[in-house]
Amino acid sequence: FPNYVHAVLDLSPFRSQQMRVIFEYDDGDSYGWWIGLDNIKVTGSGVANDICVNAQPLFTGAVCQPANNTTALFDGPVPTCIDKPVAGLWYTWQADFSGLAKVSSGATFNDVVNVFTGDCANPQALLCENHDEHGFTGEGAYFLAQNGVTYYIRICGKVGGFGVSRGDVCVKLEQVATPP
């Protein structure tokens, strides 16, 4: 085998939850050539928390968590406040207080914030927020939290609105005294 080939293929445009990689060789039935595949390695990089079961933890009052939804999938129920969601990032937070909680996205795109109770198999919508219709400042979503309850938070993009639907976010959660 004097013709070793090291190939790197970017499969990002084809990413989906049902993605499979298949190798096919066809010499056109004219030469009877054959091929050997060995040491195949498929790796990935990018968003890990675009599926609910991989939700990243948030902590009250912590510095915002930077992320990017450029290659993210969309997982979970369609938001109740928009009709064309894309590229969701999931977070989880166990409330350590009872009172008013604020989720800030700091997104550079037209984002939607969803808050759910329940679990990933059966999320119950609590909040859908999309006030920043143009995607310039990110969302500030407020909800009443109950100490000890686990909340799932999804930040996704909106397709078909003003601005882009993918980009950078910096998510944080804090306790606040009053709504805006």
Side-chain angles (χ1 to χ4, degrees), residues 15-18 44 46-180:
R15 188 168 180 259
S16 76
Q17 291 177 318
Q18 294 81 29
V47 178
N49 62 321
D50 58 352
I51 298 173
C52 183
V53 296
N54 295 335
Q56 298 296 307
L58 291 175
F59 300 97
T60 305
V63 65
C64 70
Q65 287 190 20
N68 184 293
N69 74 341
T70 300
T71 62
L73 301 173
F74 181 82
D75 180 50
V78 174
T80 57
C81 60
I82 65 165
D83 58 352
K84 293 181 182 177
V86 67
L89 301 175
W90 284 90
Y91 299 88
T92 184
W93 172 63
Q94 182 160 359
D96 53 358
F97 64 86
S98 288
L100 194 58
K102 177 184 178 186
V103 178
S104 301
S105 68
T108 61
F109 58 94
N110 190 351
D111 66 321
V112 177
V113 175
N114 294 119
V115 178
F116 301 92
T117 57
D119 57 27
C120 290
N122 189 24
Q124 304 298 311
L126 179 67
L127 172 74
C128 186
E129 193 76 38
N130 185 32
H131 285 300
D132 178 22
E133 289 289 329
H134 304 295
F136 296 130
T137 61
E139 296 293 337
Y142 297 82
F143 66 99
L144 286 175
Q146 185 177 12
N147 192 19
V149 173
T150 298
Y151 296 91
Y152 288 88
I153 299 159
R154 180 181 60 202
I155 313 290
C156 68
K158 177 185 176 185
V159 176
F162 187 82
V164 297
S165 57
R166 297 176 186 260
D168 294 323
V169 297
C170 201
V171 182
K172 73 177 191 173
L173 194 137
E174 58 191 324
Q175 183 176 12
V176 293
T178 59

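Note that the OG atom of Ser104 and the OH atom of Tyr142 stand 6.5 Å from one another [nearest 0.5 Å]. Between Leu89 atom CG and Asp75 atom CG the span is 11.5 Å, to the nearest 0.5 Å. For the atom pair OG1 (Thr80) and CG (Asn114), the distance works out to 7.0 Å, reported to the nearest 0.5 Å. Put simply, CG on Leu100 and CG on Leu144 are 6.0 Å apart, with the number rounded to the nearest 0.5 Å. With rounding to the nearest 0.5 Å, the separation of OG1 in Thr117 from CG in Leu127 is 11.5 Å. If you take CD on Gln94 and CZ on Phe59, they are separated by 10.0 Å, rounding to the nearest 0.5 Å.
Taking each heavy atom of Asp119 and Tyr152 in turn, the nearest pair found is CA-CE1, 3.8 Å. For the pair Ala87 and Asn69, the tightest heavy-atom approach, listed with the atom from each and the gap, is O-ND2, 3.0 Å. Here the closest non-hydrogen pair linking Glu139 and Asp111 is OE2-O, 3.3 Å. Considering all non-hydrogen atoms of both residues, Asn130 and Cys81 come closest at CB-SG, 4.2 Å. Closest heavy-atom contact between Gly76 and Phe74: O-CE2, 3.4 Å. Listed here is the closest heavy atom pair of Gln65 and Leu58: NE2-CD2, 3.9 Å.
Although no hydrogens or angles enter the test, the distance criterion places no donor-acceptor pair under 3.5 Å between the side chain of Arg154 and the main chain of Phe116. In terms of modelled atom types and a separation under 3.5 Å, the side chain of Asp50 and the main chain of Leu73 share a donor-acceptor contact. Without hydrogens or angle criteria, Ser105 side chain to Val169 main chain gives no donor-acceptor distance under 3.5 Å.
For the pair Pro79 and Lys158, the minimum side-chain heavy-atom distance is 4.5 Å or more.
Legend: residues meeting side-chain hydrogen bond (donor to acceptor under 3.5 Å, both in side chains) with Asp168, ordered by chain and number and at least two apart, are Asn68. In terms of the ring pair (Phe, Tyr, Trp, His ring centres under 6.0 Å) criterion, residue partners of Phe143 (sequence neighbours excluded) are, by chain and number, Tyr151. With sequence neighbours left out, the side-chain hydrogen bond (donor to acceptor under 3.5 Å, both in side chains) criterion links Asp83 to no other residue.
The stretch residues 143-180 participates, sequence neighbours left out, in these disulfide (SG to SG under 2.5 Å) pairs: Cys64-Cys170. Under the side-chain hydrogen bond (donor to acceptor under 3.5 Å, both in side chains) criterion, the residue pairs touching residues 51-61 are Thr60-Trp93, Thr60-Asp96, with sequence neighbours excluded.
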For residues 171-180, dump all side-chain donor-acceptor pairs below 3.5 Å to protein atoms at least two apart in sequence or in another chain.
none

